[in-house]
Structures are given as C-alpha cells and as structure tokens.
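Below is one structure; the comments refer to it alone.
Owing to the predicted nature of the structure, the values given are computational and were not obtained by experimental measurement. By convention in this document, chain letters (A, B, ...) are assigned in the order of the sequence lines, proteins followed by strands, and residues within each chain are numbered from 1.
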Amino acid sequence: MPVGPEWPVTVLPNGGGKSWLGKGITDLLELDEATLPEKHARIVRATRSGEPDHDVEGARRAIEKWAYPRAWLDFETIAFAVPRWIGTRPYQQVPFQFSVHVEEADGAITHHEFLSLNGADPRRSCAEALMAAIPVDATVIAYNAPFEKGVLRELSALFPEMQDALLDMAHRTVDLLPVTRNHWYHRDQRGSWSIKAVLPTMTSLDYSDLEVKDGTGAQEAYLEAIRPDTSDERRTFLGDGLTKYCAQDTWAMVAMARFLSAAA
DNA sequence: CTTGAGATTTAACCCGTCAC
DNA sequence: GTGACGGGTTAAATCTCAAG
C-alpha cells in the first residue's frame, strides 16, 4: 500500500509527459477520466484506486527485443563551467565513472566498473574500460539513453582508434525509460518516472542507506576526492560510496526490467 | 549548465463566406 | 474586387523532463 504522502493528492506534478499545471487544475482527482486520453486516464485511475497500472505484456514485448548479451550501463559525469582539462568545453559532461552489468542469455550476470579519482582527464581510461567491459555485440541499455549516447559519441569523436567501436556502441544503445513510462505507473511516483521515483514502487531496493544517493551527490563526492588535500583514507571512503551508488543504478535497471516483464 | 524526445502553445496560412 | 471574419490545418517556437 501507499508509502507516499496522504491521498488524495492536491498538488499535481507534471506527469505522463503532460502538464496539467497552469490550467487551474489543482487536484488530479477532480479530472474526468472519461474525457482524458488513455495516456493520462491510466494515471488518474492508478491514483484513485492505488492499484498500479501495469501492462506486463507490453513491457515484455518491448524488452524481449533487446538481444543478449545485454549491457546495462550508467555513467557518472562531471561538468565544469571553466574547463579543467585540455580539449573540454564549458559544461561538457565528462565521464569519470561507469557501471555496467552484463547479462547473458542464460541469465548469468557479471559486473564491471570504472572510476577515476586521480584528478586527471578520465576520458581515455574510461573509453578503454568501456571497450574492455562491453561485448562488441551487446545491446547497451540505459535509463534516459540520450545521455549515455551523448557521452559515448563524445568519447568516440576524441579517440580515432576507438571511434568506430564507441560509435557503434552508441548506436546499439536502447532506452529503458520509455518502456517504464509506457507500461507502468504507481501513484507513489507522483508524476515522475525518474529511476529514484520508480524503483521503490517496484522493489525494496533503496538509495537511502547509500553514502552517495544521486547524480549530484556523485559529483560532489568526485570533486572532494580529486582535491589534492583530501586524505587517501577519505578518498577511499568516497570512492567506495561512488562505487556502491553507480552499481546500484545499473542493478536497479535489471531489477526494474525483470519486474516489468514478470506476471502480475 | 547539456542533450533529445515528446507535448503544448503560438504563429502562420489557406479557404470559404459575407458585406460593401 | 476588396476587406473582415471565421474555421481548420500545419509549421515553428516554447516548454518539460529525464540523465549527470
């Protein structure tokens, strides 16, 4: 049952890619289900009833198209307003960490990770680690894939010897976000399909016990870790938090995909 | 701040009608 | 023929959200 705030909601978040705000609608439950397009009606329905909207078959059909091996990938990046490394632009998303869970057709899963905390330009070692971790025939899966694709394209443009492989990786990247958005809604999401909002409605996985809880926290930890006056002990501690967080993000995608495909 | 997708809003345009 | 006024379609601009 609900783990969120009291119902009914009186403040409606933007939901379903649709803005109800700014139209004088302050209570989602006042909307007339019959007049809404199905895309919005299912959100109102799930909110009224507390019964999640779950199209298992639709989700299964979408996910089963992704050929094995599957590489569930997540980057952590840093973006400096004033570029820190030669050849980077202001606000360019530079990856200093990634996690990837590689899933074989038989269900076997191996985990690979990369983390740079020495303060040097992490891009070459990151690209090399990607090449080593992700099989050339893998379907790469990310949550809000345009972000991961963008990082991959940036890396590909930088290293001619890895250009084809990295570009190919970007082309093989698919997105779990629309699958979730189209086939699942729980009212505790309150209009959000971010991984942090969705995950607790499907599983008991939780970010609250982690040292690093979100992307912003990861960036803060990274910045502290690369400072010269940060002790080795502290750096190790920060790195440990980063590793756990990033690994949780990719594991969360695996868990979500399994949940989405599982019978109700 | 970035990018991309998708939804929404605004602007532009075409066409028929009607009064002058 | 011309100008004002719809109504309906379409294109372009704007907004939101996801990721970090």
How many whole angstroms separate atom CH2 of A:W193 from atom P of B:dG6? 14 Å
Would you check if A:E76 and A:D74 make a side-chain contact, meaning some heavy-atom pair closer than 4.5 Å? yes
Send over the distance from A:M253 CE to C:dA18 C1', rounded to a whole Å. 13 Å
Look at the side chain of A:Y91 and decide which nucleotide, out of C:dG20, B:dC1, C:dA19, has an atom nearest to it. B:dC1
Under a 4.0 Å heavy-atom cutoff, the residues of residues 144-157 of chain A touching DNA chain C are A:N144, A:F147
When you compare the side chains of A:T201 and A:W184, does any donor N or O come within less than 3.5 Å of an acceptor on the partner? yes
Name the closest nucleotide to the A:Q93 side chain, picking from B:dT8, C:dG20, B:dC1. C:dG20
Strictly below 4.0 Å: does A:T216 bring a side-chain N or O up to OP1 or OP2 of C:dG20? no
A:F75 atom CZ is separated from C:dG20 atom C1', nearest whole Å, by 11 Å
Taking the side chain of A:H40 as heavy atoms from C-beta outward, which of C:dA18, B:dT8, B:dT2 is closest to it? B:dT8
Among side-chain atoms of A:H101 and A:T110, is any donor-acceptor pair under 3.5 angstrom? no
Could you tell me the separation between the CD atom of A:Q97 and the P atom of C:dA19, rounded to a whole number of Å? 16 Å
For the residue pair A:R153 and A:A170, what are the closest heavy atoms and their distance? CG-CB, 4.3 Å
Categorize A:N182 for me: base, sugar-phosphate, or nothing, with a 4.0 angstrom heavy-atom threshold over every strand shown. nothing
Starting from C1' on C:dA18, measure out to CE on A:M256 and report it in whole angstrom. 12 Å
For C:dG20 and A:Y245 - does any side-chain N or O of the residue sit under 4.0 Å from the phosphate oxygens OP1/OP2? yes
Kindly determine whether A:H40 and A:Y185 satisfy ring-ring contact (aromatic ring centres under 6.0 Å, His included), including the steps that lead there. CA-CA 11 Å; A:H40 304 155; A:Y185 184 76; over 10 Å; no
Starting at atom CG of A:D74, determine the distance to atom P of C:dA18, rounded to an integer number of angstrom. 16 Å
Closest to the A:Y143 side chain: C:dA18, B:dT2, C:dG20? C:dA18
Any donor-acceptor pair under 3.5 Å between the side chain of A:E76 and the base of C:dG20? no
A:Q189 CD - C:dC17 C1' separation (whole Å): 14 Å
Pair A:Y245, A:D214: side-chain N/O donor-acceptor within cut-off below 3.5 Å: no
Can you find a side-chain donor-acceptor pair between A:E154 and A:Q92 that sits under 3.5 Å? yes
Tell me: CZ of A:R123 to P of C:dG20, nearest whole Å? 20 Å
Looking at the side chain of A:I195, which of C:dG20, C:dA19, C:dA18 is the nearest nucleotide? C:dA19
